[in-house]
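Just so it is clear, the model here is predicted, and its values are computed rather than measured. Just so you know, ligand 1 is whichever comes first in the structure, and atom 1 is the first atom listed for that ligand. All values below were derived from every heavy atom in this structure, side-chain atoms included, with hydrogens, water molecules and symmetry-related copies excluded. The chain is numbered in sequence order, starting from 1.
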Amino acid sequence: MSRAASNLQIDSARLWDTIHETAKFGRTPKGGVRRLTLSAEDKQVRDWFRKACEGAGLEVKVDALGSMFALRKGRDMSKPPVGLGSHLDTQPTGGKYDGILGTLAALEVVRTLNDAGIETEAPLCIVNWTNEEGSRFAPAMMASAAYVGDFTTDDILSRKDAEGVTVGQALDGIGYRGTTPVGAQKLGSFVELHIEQGPILEAEHKTIGVVDSGQGVLWYDGKITGFESHAGSTPMPLRRDALATLAEIVLAVETIAKKHGPKAVGTMGEAVIANPSRNVIPGEIAFTADLRSADDAIMNALDRDLRAAVAEIAGKRKVEVTLELIWRKPPTHFDPKLVDAVQNAAEMLGYSHRRITSGAGHDACNLNTRIPTAMVFVPCKDGVSHNELEDATQSDCAAGANVLLHTVLALTGVAS
Ligand code: HGY
Ligand code: MN
Ligand code: MN
């Protein structure tokens with residue numbers, strides 16, 4: 001690689017500015033970002049991103065699920081592009097960095113190559129994946145999952161949010177149902193920069209996480225059907241209380257996750273009481289459960305134990321509980337060669353680093369099922385994410401972007 005390329009560093013201030021400039025799209029009073037996928041705020045940041053990519057000389061295409069692909073030509077266009085990027089949608093109580101850092105660092109990599117007049121051998125393609133978060137529409141990482149063939153485009157287009165709006169309608173609503181078929185934009189490999197969203201790197205004073213694996217994910221939709229009745233006149237032994245049932249299930253999820261820990265976690269993030277009233281015993285509740293482990297066998301044990309606990313609680317309380325496994329994402333083992341390329345870049349740049357497993361799911365975990373993929377982590381403050389307090393330092397973001405830059409250059413090769 002030429003001396004100019006090997007000494008290349010991104011423009012830290014410019015990256016930092018873009019992170020804080022785009023944070024205004026969906027900014028919350030607490031300083032977070034609420035930018036649900038395919039919302040008006042998502043449109044704002046997508047429009048900004050398209051303009052910035054075109055301003056950097058990239059050709060932007062949008063696929064049928066709204067994922068955005070921004071292509072930088074290479075000397076040899078017969079080679080598949082090296083992909084880099086992440087997502088721009090956020091959780092309802094999201095922060096400025098989750099997904100955004102990886103997508104904007106990819107733009108910064110291109111801007112840095114442009115400033116240096118460097119042409120890569122293979123082309124590059126920046127990607128903003130639609131609906132990584134899975135908060136408004138399930139499952140998470142849905143567009144990259146469709147890209148690798150886990151779901152059909154039509155299946156994903158028909159997914160509905162809590163208001164009954166489909167993905168297709170939401171895409172049309174913001175003008176991002178693209179004409180490129182899902183999967184048509186080929187990628188030869190993919191590298192994603194992301195904040196760790198956990199406490200390890202910060203606790204160990206490591207700048208870079210060389211991500212070699214990722215937890216598997218189990219998502220369930222559940223429904224409890226008990227019996228509405230009078231809060232005052234119904235004797236306790238006669239009640240079929242859906243909310244008391246839910247309370248037991250929540251504690252069962254916690255107990256099961258702890259039983260299989262430390263390589264297991266369990267969360268019940270949503271519960272909706274139908275027709276709630278303070279003096280009516282709840283009769284119907286919809287809920288969701290999210291269980292994860294980096295170990296396939298533990299995932300199976302989590303599923304088995306959850307089903308057994310739900311059946312036992314339902315029987316004891318004489319209520320009906322349905323539990324549907326709507327998404328099973330096996331654990332991820334990233335491509336060893338690409339993981340080594342990330343580690344080599346961190347070493348060449350002199351950053352402290354360590355191998356790490358991702359607790360969170362990422363689009364890279366889907367891409368990895370089809371093409372060589374790796375991830376780069378940087379610390380976030382107190383390991384906090386999916387919270388408006390999410391924070392990171394400019395120097396760590398720059399370090400991650402530099403590792404992304406040099407990992408990508410190792411994959412594309414430098415023509416001039
Ligand atoms: O759920 C996840 O792990 C990701 O943050 N969407
Ligand atoms: Mn993310
Ligand atoms: Mn997230």
Side-chain angles (χ1 to χ4, degrees), residues 19 22-23 26 28 32-39 41-42 45 67 84-106 127-146 150 156 159 190-198 209 211 213-221 257 264-270 288-294 299 326-332 334 356-368 373 375-380 383-392 397 400 404:
I19 290 171
T22 53
T28 63
V33 180
R34 177 188 174 89
R35 199 157 64 212
L36 296 186
T37 194
L38 307 183
S39 62
E41 297 77 15
D42 189 18
V45 79
S67 292
L84 62 162
S86 189
H87 62 93
L88 291 171
D89 65 306
T90 77
Q91 289 287 338
T93 55
K96 302 185 189 73
Y97 303 90
D98 173 359
I100 298 141
L101 171 61
T103 313
L104 297 182
V127 191
N128 166 31
W129 295 104
T130 294
N131 190 27
E132 187 281 341
E133 291 295 358
S135 174
R136 182 181 176 191
F137 300 101
M141 298 101 81
M142 65 163 42
S144 55
D150 289 352
I156 297 298
R159 297 297 174 103
F190 188 75
V191 188
E192 180 171 359
L193 167 63
H194 207 286
I195 51 170
E196 178 199 339
Q197 300 178 294
V211 190
S213 52
Q215 281 196 127
V217 184
L218 295 163
W219 272 18
Y220 301 86
D221 279 352
V265 289
T267 313
M268 294 216 0
E270 294 175 89
T288 64
D290 173 323
L291 284 84
R292 306 192 188 198
S293 174
M299 282 179 73
I326 63 162
W327 181 43
R328 186 183 200 285
K329 172 76 190 144
T332 297
F334 288 111
I356 194 168
T357 293
S358 175
H362 301 283
D363 292 307
C365 300
N366 286 332
L367 274 288
N368 188 64
T373 301
M375 291 191 77
V376 185
F377 273 179
V378 292
C380 54
V384 166
S385 182
H386 285 195
N387 182 306
E388 292 162 280
L389 295 174
E390 183 184 276
D391 201 1
C397 289
L404 178 68

Proximal heteroatom of D98 relative to the Mn ion (ligand 3) (N/O/S):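 In D98, the N, O or S atom with the shortest distance to the Mn ion (ligand 3) is OD2.
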Close side-chain approach of Y97 and I19, heavy atoms under 4.5 Å: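 In contact.
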Side chain proximity check, F137 to I156, heavy atoms < 4.5 angstrom: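 The answer is no, as the side chains (C-beta and beyond) never meet within the 4.5 Å cut-off.
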Parallel, tilted or perpendicular: ring planes of H194 versus H87, cut at 30 and 60 degrees: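 Answer is tilted, since the angle falls between 30° and 60°.
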E133 backbone or side-chain N/O/S under 2.8 Å from the Mn ion (ligand 3):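 Here the distance criterion (N, O or S atom, under 2.8 Å) is met by E133, so yes.
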Presence of N, O or S from H87 under 2.8 Å of the Mn ion (ligand 3):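 Coordinating: no.
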Protein contact to atom 1 (O) of ligand 1 [nearest heavy atom, distance to 0.1 Å]: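 In this structure, atom 1 (O) of ligand 1 has R292 NH2, 2.8 Å as its nearest protein heavy atom.
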Identity and distance of the protein heavy atom lying nearest atom 4 (C) of ligand 1: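 The closest heavy atom on the protein side is E132 OE2, 3.3 Å.
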Donor on one side chain, acceptor on other, D98 and H386, under 3.5 Å: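 Yes - a donor-acceptor pair under 3.5 Å links their side chains.
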T93 and E388: side chain donor to acceptor below 3.5 Å: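 No, because no side-chain N or O of T93 sits under 3.5 Å from a partner of the opposite role on E388.
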Ligand 1 versus H362: contacting region, heavy-atom distance under 4.0 Å: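 Neither part.
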Please could you name the atoms of ligand 1 that [X] approaches to less than 4.0 Å, counting only its heavy atoms?
{"X": "A360", "answer": "3 (O)"}
{"X": "G361", "answer": "2 (C), 3 (O), 4 (C)"}
{"X": "H386", "answer": "5 (O)"}

Minimal non-hydrogen separation, G95 against T90, with atom names: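 Minimum heavy-atom contact is O-CG2, 4.2 Å.
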Expected output: side-chain D89 to main-chain E133 donor-acceptor under 3.5 Å: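 A pair under 3.5 Å: yes.
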